[in-house]
S.K.: 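One structure is given below, represented as structure tokens, and several questions about it will come after.
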Amino acid sequence: MNLEKYLKEKRELVDSAITAMVGPLKGSSVLYAAVSYSLTPGGKRLRPILMLSTYNAIKGKEEPIIPFACAIEMVHTYSLIHDDLPIVDNSDLRRGRATAHKVYGSDMALLAGDALLSFAFEIISNRLHLEKFRESALLAVIHEFGVATGIRGLVGGQVMDIVSSNMGSIDKETILYIEEKKTASLISLALRTAGILGEVGEEELKALTDFSLEFGVSYQIIDDVLDAISSPEVLGKDTGQDKKNRRATFVALYGVEEAKKMANECVQKGIGFLAPFGEKYKILTDIAEYTLQRIK
Ligand code: GRG
């Protein structure tokens, strides 16, 4: 299989599903404009693609889980909009164009982010999903979205990130905590949602979780390396942000080369967790290996 072709096809599938989902919100004028500007055109759509791919590996289909895949992208997009705000990273460029607050103002960008987070929960809690999934599995997934996006996940990681910035001395454990919470928690949510709705057993769900946490940490390390060595022209977003904001990253602690090694080690460790399942989750390990190409 050609992985790049696969990723492109899945990205297009996610793009059109998201466009169809936000279409009915058109009435809300400027809010709709800010939301749809932020969602489309999108980025790599990694989290939804991981969710679709995991579910497909389990069930041999992906259609039932598409709304959940869109919801996770909405959560991710909300986090990017807020992260870019002048009171946080103060970024001007995102996904190759002006950030939401540059176009719509900080107030509208803040509200667009809030609306996207709420919209994600509106989507995943739709009672129509009861026609396809068991009630207990759906309830578990709604809970997982809450945990992964809140104090014990995305927001908790971001808070630690802010608190640790400027501290001068940073340690490995704190950086790992930040990367696991602010980035790996959403990647993990993608795989766990597919595992729970696909009704895999406990051991398999644990293996998917263990893989996703390692992959998630690696993905954040790659992001940090690129922030240090790449350019806005290549990435479509501001670079040098971590240094400017004195963020606690492995690049800051150990340097670029060591951070690259760590990203690779995390992916290899993660792949090990899926080894007992043979080829079943090959698409996930292929995607994880592929993301490493960005820093080769
Ligand atoms: C402090 C008010 C305030 C808000 C912060 C919770 C939060 C908002 C931010 C979470 C931290 C965050 C933005 C993590 C992002 C990690 C990351 C690797 C982003 C880039 O992901 P890609 O490369 O992006 O998958 P694309 O554009 O491809 O979707």
Side-chain angles (χ1 to χ4, degrees), residues 7-8 10-11 14-15 18 37-51 69-70 72-91 93-97 99-101 106-107 109-114 116-117 120 145 147-165 175 177-190 212 215-228 230 232 234-239 241-242 245 247-251 259 263 266 287-288 290-295:
L7 293 173
K8 181 172 178 285
K10 297 300 162 202
R11 206 165 52 235
V14 172
D15 285 349
I18 286 180
Y37 176 87
S38 303
L39 279 173
T40 48
K44 296 176 284 299
R45 308 294 200 204
L46 175 79
R47 297 149 191 83
I49 291 175
L50 287 173
M51 194 191 288
C70 294
I72 204 168
E73 184 65 15
M74 286 173 192
V75 171
H76 168 59
T77 305
Y78 124 73
S79 79
L80 298 180
I81 299 172
H82 281 196
D83 200 46
D84 289 337
L85 286 170
I87 48 158
V88 191
D89 272 3
N90 194 18
S91 299
L93 192 67
R94 171 69 66 182
R95 293 172 170 172
R97 55 188 189 156
T99 44
H101 69 87
S106 289
D107 47 1
L110 191 70
L111 291 165
D114 292 343
L116 279 170
L117 179 61
F145 264 71
V147 173
T149 58
I151 298 166
R152 285 179 282 163
L154 196 58
V155 171
Q158 181 68 15
V159 167
M160 185 60 98
D161 198 3
I162 292 169
V163 170
S164 314
S165 301
I175 299 173
Y177 178 91
I178 294 169
E179 313 222 315
E180 264 193 22
K181 298 294 169 189
K182 81 168 189 181
T183 305
S185 55
L186 269 201
I187 303 234
S188 189
L189 177 67
S212 61
F215 177 31
V217 169
S218 152
Y219 196 67
Q220 182 57 53
I221 299 175
I222 293 168
D223 197 68
D224 296 340
V225 167
L226 292 172
D227 180 75
S230 192
V234 174
L235 292 183
K237 63 178 180 178
D238 294 347
T239 51
Q241 293 294 79
D242 294 340
N245 295 313
R247 292 282 190 234
T249 67
F250 286 126
V251 172
C266 288
I287 293 173
Y290 178 76
T291 60
L292 288 171
Q293 300 300 325
R294 300 173 72 207
I295 52 166

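Every number for a ligand or one of its atoms is a count from 1 in the order of the listing. Values below: all heavy atoms of this structure, side chains included; hydrogens, waters and symmetry mates excluded. Residue numbers run from 1 in the order of the sequence given.
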S.K.: Looking at non-hydrogen atoms alone, which of Thr77, Asp83, Leu226 comes nearest to atom 13 (C) of ligand 1?
M.R.: Asp83
S.K.: Which distance, rounded to the nearest 0.5 Å, do you find between the CG of Asp15 and the NZ of Lys10?
M.R.: 13.0 Å
S.K.: Where is the nearest protein heavy atom to atom 22 (P) of ligand 1: which residue, which atom, and how far?
M.R.: Tyr219 OH, 3.4 Å
S.K.: Do Arg47 and Tyr219 form a cation-pi contact, if we require the NZ or CZ to be under 6.0 Å from the six-membered ring centre and within 45 degrees of the ring's axis?
M.R.: no
S.K.: Do Leu7 and Tyr290 come close enough that some side-chain heavy atom pair is under 4.5 Å?
M.R.: yes
S.K.: Just wondering, do Leu154 and Val75 contact through their side chains at under 4.5 Å, heavy atoms?
M.R.: yes
S.K.: Can you tell me which portion of Gln220 lies within the under-4.0 Å heavy-atom range of ligand 1? Options are side chain, backbone, both, or neither.
M.R.: side chain
S.K.: Is there at least one pair of N or O atoms, one from Lys237 and one from ligand 1, spaced under 3.5 Å apart?
M.R.: no
S.K.: Out of all atoms in ligand 1, which are within 4.0 Å of some heavy atom of Thr183? Include the element for each.
M.R.: 16 (C)
S.K.: With nothing but distance in play, are any N or O atoms of Asp223 less than 3.5 Å from an N or O of ligand 1?
M.R.: no
S.K.: Could you tell me whether Arg97 atom CZ has more than 12 heavy atoms of other residues or ligands within 6.0 Å of it?
M.R.: yes
S.K.: Do other residues, nucleotides or ligands put more than 12 heavy atoms under 6.0 Å from the CD1 atom of Ile151?
M.R.: no
S.K.: Examine Arg47 against ligand 1 and note whether any of their N/O atoms are separated by less than 3.5 Å.
M.R.: yes
S.K.: Atom 1 (C) of ligand 1: which protein heavy atom is closest, and how many Å away?
M.R.: Val88 CG2, 3.6 Å
S.K.: Quick check: do Glu73 and Arg45 have side-chain heavy atoms less than 4.5 Å from each other?
M.R.: yes
S.K.: For atom 6 (C) of ligand 1, what is the nearest protein heavy atom, given as residue, atom name and distance?
M.R.: Leu154 CG, 3.7 Å
S.K.: Run down the list His76, Lys182, His82, Lys44 and name the one with the heavy atom closest to atom 29 (O) of ligand 1.
M.R.: His76
S.K.: Considering only non-hydrogen protein atoms, determine which one is nearest to atom 5 (C) of ligand 1 and report residue, atom name and distance to 0.1 Å.
M.R.: Gln158 CG, 3.5 Å
S.K.: Can you confirm, on distance only, whether ligand 1 has an N/O atom lying under 3.5 Å from any N/O atom belonging to Arg95?
M.R.: yes
S.K.: Would you say the side-chain atoms of Thr77 pair up with the backbone N or O of Leu39, donor to acceptor, closer than 3.5 Å?
M.R.: no
